Amino acid sequence: MNLKLNGKSALVTASSAGIGFEIAKALAAEGADVILTGRVQEKLDQAAAEIEKATGHAVRPILADAATEAGAETLFAALPTVDILVNNLGIYDSKDFGEVTDDDWRRFFDVNVVSGVRLARHYFQPMLDRNWGRIIFVSSESALMVPATMIHYSVTKAAQVNIARGLAELTKGTEVTVNAVLPGPTRSENIVDFLRSVSEHPEGTPEELEAEFFRRHRPTSLLQRMIEGEEVGNMVAYLASPLAAATNGAAVRVEGGLLPMPA
């Protein structure tokens with residue numbers, strides 16, 4: 001399918017690995033001019049090379065920590081406007097509610113919420129002025145189904161859904177859309193460490209840890225496996241395209257059937 005993204009500029013935060021990398025690769029494969037961001041130049045260069053090899057399209061890496069004001073200013077100077085903004089940057093952990101400190105709460109809000117707001121605030125109005133643009137927040141199924149040991153994380157992911165909906169209300173009658181994507185547990189370079197942290201048998205193999213995780217912590221999943229990053233990337237690429245013009249202000253699920261139908 002041709003998603004009609006040739007020549008569209010796309011900024012994907014935290015895109016040197018994981019979901020962000022797969023989103024960037026999917027957009028590049030559709031002809032978008034993709035900009036990668038990250039905090040380690042070597043990882044950015046490696047990601048850029050891998051995407052170019054896989055897609056035949058060069059991408060532009062920019063060394064910038066999008067979680068900080070200084071990093072955002074670096075991006076604004078290099079990219080005054082973009083057609084597509086994917087706020088993928090985010091952190092997570094598993095911790096009992098009583099152990100989550102004020103500093104933890106502030107850090108999660110700064111990284112997961114404020115960083116995306118800061119970028120959207122800069123790029124949103126020019127999209128409206130040009131009458132075309134896409135902003136996509138990578139949220140989580142935890143925005144709707146809150147794990148007892150990830151309340152702090154879940155609150156920030158619910159905030160992203162609300163920000164996306166609120167911004168979408170400001171696009172009425174335009175060709176700009178703002179949506180949130182809700183992936184379920186997704187395979188990444190750090191996922192095994194996370195699975196060990198919530199396992200009753202942390203010495204198990206990665207396959208055993210994954211099976212235990214879905215059996216104990218995500219029994220409602222219909223997929224019963226980790227979602228692959230490229231599966232999320234494909235959905236984001238579609239939402240970023242002109243073909244998805246009728247999807248606006250939505251919380252789009254990519255969570256393997258883990259969530260129940262809404263009431």
Side-chain angles (χ1 to χ4, degrees), residues 13-26 38-47 50-51 54 65 67 88-112 138-158 160 181-236 253-260:
T13 62
S15 42
S16 62
I19 290 176
F21 173 84
E22 296 295 343
I23 292 171
K25 185 168 72 172
R39 297 179 298 172
V40 180
Q41 188 68 57
E42 183 180 0
K43 291 185 67 175
L44 278 170
D45 292 341
Q46 181 180 350
E50 290 178 9
I51 290 174
D65 183 356
N88 169 69
L89 175 65
I91 56 175
Y92 67 93
D93 67 9
S94 178
K95 187 180 289 188
D96 288 339
F97 176 73
E99 296 178 359
V100 184
T101 66
D102 286 357
D103 284 343
D104 290 331
W105 279 101
R106 281 188 284 266
R107 181 168 62 94
F108 268 77
F109 264 90
D110 280 346
V111 176
N112 291 1
V138 179
S139 179
S140 166
E141 100 283 352
S142 294
L144 301 181
M145 190 174 76
V146 182
T149 58
M150 299 181 74
I151 294 171
H152 53 306
Y153 169 77
S154 299
V155 168
T156 65
K157 291 292 145 177
Q160 289 180 314
V181 172
L182 279 60
T186 304
R187 201 176 309 282
S188 68
E189 60 183 353
N190 298 320
I191 197 64
V192 173
D193 291 338
F194 172 74
L195 294 177
R196 291 193 194 285
S197 74
V198 297
S199 173
E200 291 185 338
H201 306 284
E203 73 285 350
T205 66
E207 293 76 15
E208 290 169 339
L209 292 168
E210 183 171 335
E212 179 198 0
F213 176 79
F214 281 94
R215 184 174 63 253
R216 293 183 58 232
H217 300 288
R218 299 294 188 275
T220 60
S221 168
L222 304 182
L223 200 60
Q224 284 295 297
R225 64 163 173 82
M226 288 291 168
I227 294 162
E228 302 298 337
E230 65 182 20
E231 294 169 330
V232 181
N234 291 337
M235 177 61 78
V236 172
R253 302 178 178 193
V254 195
E255 34 66 73
L258 188 153
L259 296 169

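Keep in mind it's a predicted model, so treat the numbers as computed, not measured. Residue numbers start at 1 and run along the sequence shown.
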[X] side chain to [Y] backbone, donor-acceptor under 3.5 Å:
| X | Y | answer |
| --- | --- | --- |
| His201 | Glu208 | no |
| Ser139 | Lys157 | yes |
| Arg39 | Ala14 | no |
| Asp104 | Thr101 | yes |
| Thr186 | Glu228 | no |
| Asp65 | Ala67 | yes |

What pairs with [X] under side chain to side chain donor-acceptor pair (under 3.5 Å), at least two apart in sequence or on another chain?
| X | result |
| --- | --- |
| Ser188 | none |
| Thr220 | none |
| Glu212 | Ser199, Arg216 |
| Asn88 | none |

Do [X] and [Y] make a side-chain contact, defined as non-hydrogen atoms from C-beta onward lying under 4.5 Å apart?
| X | Y | answer |
| --- | --- | --- |
| Met226 | Leu195 | yes |
| Pro147 | Ser154 | yes |
| His152 | Asp93 | yes |
| Ile91 | Asn112 | yes |
| Arg187 | Glu210 | yes |

Please identify each residue that fulfils ring pair (Phe, Tyr, Trp, His ring centres under 6.0 Å) with Tyr153, with sequence neighbours left out. none
So, using ring pair (Phe, Tyr, Trp, His ring centres under 6.0 Å) as the criterion, who are the partners of Phe214 when residues are at least two apart? none
Excluding sequence neighbours, so at least two apart, what forms salt bridge (Lys or Arg N to Asp or Glu O under 4.0 Å) with Lys25? Glu22
For Asp103, all residues meeting salt bridge (Lys or Arg N to Asp or Glu O under 4.0 Å), sequence neighbours excluded: Arg106
Determine the minimum heavy-atom distance between [X] and [Y], stating which atoms define it.
| X | Y | answer |
| --- | --- | --- |
| Ser140 | Leu182 | O-CG, 3.3 Å |
| Ala47 | Phe21 | O-CE1, 3.6 Å |
| Gly204 | Leu209 | O-CD1, 3.7 Å |
| Ile51 | Ala24 | CD1-CB, 3.9 Å |
| Pro185 | Arg218 | CG-NE, 4.0 Å |

Residues in side chain to side chain contact (heavy atoms under 4.5 Å, CB included) contact with [X], at least two apart in sequence or another chain:
| X | result |
| --- | --- |
| Pro206 | Val192 |
| Val155 | Trp105, Phe109, Ile151 |
| Leu223 | Ser221, Arg225, Ile227 |
| Glu255 | Glu141, Arg253, Leu258, Leu259 |

Find the distance between [atom1] ([X]) and [atom2] ([Y]) and round it off to the nearest 0.5 Å.
| X | Y | atom1 | atom2 | answer |
| --- | --- | --- | --- | --- |
| Asp45 | Gln41 | CG | CD | 4.5 Å |
| Leu44 | Ser15 | CG | OG | 7.0 Å |
| Met150 | His217 | CE | NE2 | 11.0 Å |

Please tell me whether Thr149 and Ser94 have a donor and an acceptor in their side chains that are separated by less than 3.5 angstrom. yes
Glu42, CD: over 12 other non-hydrogen atoms inside 6.0 angstrom: no
Kindly say whether the aromatic ring centers of Tyr92 and Phe108 come within a distance under 6.0 Å. no
